[in-house]
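Within every chain, numbering begins at 1; the chains are lettered A, B, ... in the order of the sequence lines, protein sequences first and strands thereafter. Quick caveat, the model's predicted, so the values are computed rather than measured. Note that these values count all heavy atoms, side chains included, but never hydrogens, waters or copies made by symmetry.
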Number of protein chains: 2
Amino acid sequence: MLKVGRLADYAVLILHHLGRMRPARLAMDSIAEVTHLPLPTVRKVMKYLVDADLVISKRGPNGGYQLARPPAQVSLAEAIAAVEGPLALTECCSAQGNCEIHDRCDLADRWPGVNAIVVKVLERTSLADLDRFGRHEPHVPPPLRELMAPVRHL
Amino acid sequence: MLKVGRLADYAVLILHHLGRMRPARLAMDSIAEVTHLPLPTVRKVMKYLVDADLVISKRGPNGGYQLARPPAQVSLAEAIAAVEGPLALTECCSAQGNCEIHDRCDLADRWPGVNAIVVKVLERTSLADLDRFGRHEPHVPPPLRELMAPVRHL
DNA sequence: CAATTGTATACCCCGTTAGTATTGAATGCG
DNA sequence: CGCATTCAATACTAACGGGGTATACAATTG
């Protein structure tokens with residue numbers, strides 16, 4: 001668990017393909033084809049991506065979608081947030097958080113710290129990073145190298 | 001989004017309290033009281049925690065639950081996994097992952113790397129860490145300090 | 001103006017989450 | 001030995017949200 005929704009997953013995949021094409025445009029049905037996703041689903045995802053200014057759309061013949069920025073400047077955090085809204089591990093972490101217990105919960109103000117770190121990891125991983133790293137190798141951006149050392153407790 | 005389920009959230013809260021009591025035992029209704037959670041819900045959570053060997057239970061008069069290890073040796077990853085199963089951002093990341101697209105998805109083997117990092121963060125954050133850090137201050141375990149620097153791209 | 005392509009809305013189904021109730025088993029004490 | 005206490009196991013229900021689909025609309029281009 002701790003899943004990202006499928007639509008967000010799709011979004012990353014689509015962005016990845018748009019990145020490889022950039023700056024060329026890709027029509028919606030082409031996207032559906034190349035990603036092997038059903039077209040109606042692609043429609044829904046594209047709306048999110050346009051609204052979040054991650055892709056630029058053009059209508060009419062020879063229209064389609066184009067990644068708004070170089071892949072190195074699009075983070076996974078943005079991609080996920082475009083579809084699912086701000087990243088928040090728990091209710092306490094979200095802006096309009098409405099947790100029943102909040103007032104009397106000892107951890108209500110501790111979670112945001114944990115959340116911040118997870119978000120940072122996703123912010124520091126770009127579409128280009130996804131591309132760069134080998135298959136099944138753990139992706140480790142430079143500032144995170146130490147993370148992969150054996151865990152200290154347990 | 002990127003939420004952790006409420007039950008997992010509860011689990012962490014409960015573990016936190018058990019940690020503060022350790023090595024004393026705490027009965028289920030006491031747990032419900034101190035956490036302000038409904039008792040039937042606590043019942044459900046406790047089952048997960050026992051099955052995962054994170055707490056030890058004792059029956060009969062003066063029974064109750066006890067944290068199995070010192071709080072510094074219980075990670076958030078374990079707590080969450082106890083309730084929700086192995087952490088997996090996407091289908092590709094889980095053992096029995098059954099993703100429709102998997103064979104033809106260009107990212108199927110990239111996600112696990114990202115997942116690994118997120119998991120590491122949660123593995124490196126213990127119950128004790130939650131306790132140690134001040135309110136609303138981002139919690140930053142030593143090997144993660146560099147993370148909080150400004151993001152490089154975007 | 002007509003073909004192409006994206007936009008917007010509204011709908012529904014299904015799974016999961018979360019909350020609850022009930023009955024059963026173990027422990028310890030007098 | 002038996003009763004009080006406390007955890008264990010199972011099964012059920014309600015509700016919400018994710019995700020998939022259909023359909024009608026608007027813009028651009030040649």
Side-chain angles (χ1 to χ4, degrees), chain A residues 1-11 13-14 18 24-33 35-66 68 80 82-85 88 90-91 94 98-101, chain B residues 1-11 13-14 18 24-33 35-66 68 80 82-85 88 90-91 94 98-101:
Chain A
M1 284 295 152
L2 190 81
K3 264 200 305 255
V4 156
R6 290 167 86 156
L7 289 186
D9 191 352
Y10 298 161
L13 180 59
I14 290 172
L18 288 179
R25 255 190 299 275
L26 208 50
M28 202 145 48
D29 35 15
S30 303
I31 294 177
E33 218 174 288
T35 56
H36 310 102
L37 294 173
L39 191 125
T41 301
V42 173
R43 263 206 276 273
K44 184 178 258 182
V45 173
M46 293 324 288
K47 170 168 172 42
Y48 290 131
L49 296 180
V50 169
D51 287 352
D53 291 318
L54 290 180
V55 303
I56 297 169
S57 70
K58 194 183 174 201
R59 296 203 241 201
N62 248 302
Y65 295 94
Q66 178 191 6
I80 297 171
V83 174
E84 310 197 331
T90 65
E91 285 296 329
S94 75
N98 44 345
C99 172
E100 308 276 325
I101 326 285
Chain B
M1 283 296 153
L2 191 81
K3 266 199 303 254
V4 156
R6 290 167 88 157
L7 289 185
D9 190 353
Y10 298 162
L13 180 60
I14 291 172
L18 288 179
R25 256 191 299 277
L26 208 50
M28 203 146 47
D29 36 13
S30 304
I31 294 177
E33 219 174 287
T35 56
H36 309 102
L37 294 173
L39 191 125
T41 301
V42 173
R43 262 206 277 274
K44 183 177 260 181
V45 173
M46 292 325 287
K47 170 167 173 44
Y48 291 130
L49 296 180
V50 169
D51 287 351
D53 292 317
L54 290 180
V55 303
I56 296 168
S57 70
K58 195 182 173 201
R59 297 202 242 201
N62 248 303
Y65 295 94
Q66 177 191 8
I80 296 171
V83 175
E84 309 197 331
T90 66
E91 285 296 329
S94 75
N98 44 344
C99 174
E100 308 277 326
I101 325 285

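Residue B:Ile31 forms a side-chain contact (heavy atoms from CB on, under 4.5 Å) with just one option from B:Leu18, B:Leu13, B:Leu37, and that option is B:Leu18.
No engagement by A:Asp29 is indicated, since no non-hydrogen atom pair under 4.0 Å with the nucleic acid exists.
In this structure, A:Arg25 places its CZ atom 10 Å from P of C:dG6, rounding to the nearest Å. Atom CD1 in A:Ile56 sits about 17 Å away from atom C1' in C:dT7, given to the nearest Å. The NZ atom of B:Lys47 sits 20 Å away from the P atom of C:dT23 (whole-angstrom rounding). With rounding to whole Å, B:Leu49 atom CG is found 14 Å from D:dC7 atom C1'. The CE atom of B:Met46 sits 18 Å away from the P atom of D:dT10 (whole-angstrom rounding). For A:Asn62 and C:dT5, the CG to C1' distance is 10 Å, given to the nearest whole Å. Distance B:Glu91 CD to D:dG19 P: 10 Å, rounded to the nearest Å.
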Strictly under 3.5 Å: I want the nitrogen or oxygen pairs between protein and nucleotides 16-18 of chain C, one per line.
from	atom 1	to	atom 2	distance (Å)
C:dA18	OP1	B:Arg6	N	2.6
C:dA18	N7	B:Lys44	NZ	3.4

If you restrict it to nitrogen or oxygen atoms, what contacts under 3.5 Å exist between nucleotides 27-30 of chain C and the protein, and what is each distance?
from	atom 1	to	atom 2	distance (Å)
C:dG28	OP1	B:Lys58	NZ	3.1

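Side chains of A:Lys58 and A:Gln66 form no contact here, defined as non-hydrogen atoms less than 4.5 Å apart. Considering only heavy atoms from C-beta on, B:Leu49 comes within 4.5 Å of B:Met46 through its side chain. Under the 4.5 Å side-chain criterion, counting only non-hydrogen atoms from C-beta, A:Lys3 is not in contact with A:Asp9.
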Handout entry: Working for side-chain contact (heavy atoms from CB on, under 4.5 Å), residues A:Tyr65 and A:Val50
Key = CA-CA 9 Å; A:Tyr65 295 94; A:Val50 169; 3.6 Å; yes
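In this model, the phosphate group of C:dT7 is approached by a side-chain N or O of A:Tyr65 to a distance below 4.0 Å at OP1 or OP2. Considering only side-chain N and O atoms, A:Ser57 lies nowhere under 4.0 angstrom from the phosphate OP1 or OP2 of C:dT5.
Counting non-hydrogen atoms of other residues, nucleotides and ligands closer than 6.0 Å to CG of B:Asp51 gives a total above 12.
Put simply, the side chain of A:Glu84 gets close to the backbone of A:Gly5: a donor and an acceptor are under 3.5 Å apart.
Within the helix from C:dC1-D:dG30 to C:dG30-D:dC1, the inter-axis angle between the opening and closing five-pair segments is 20°, rounded to 10°.
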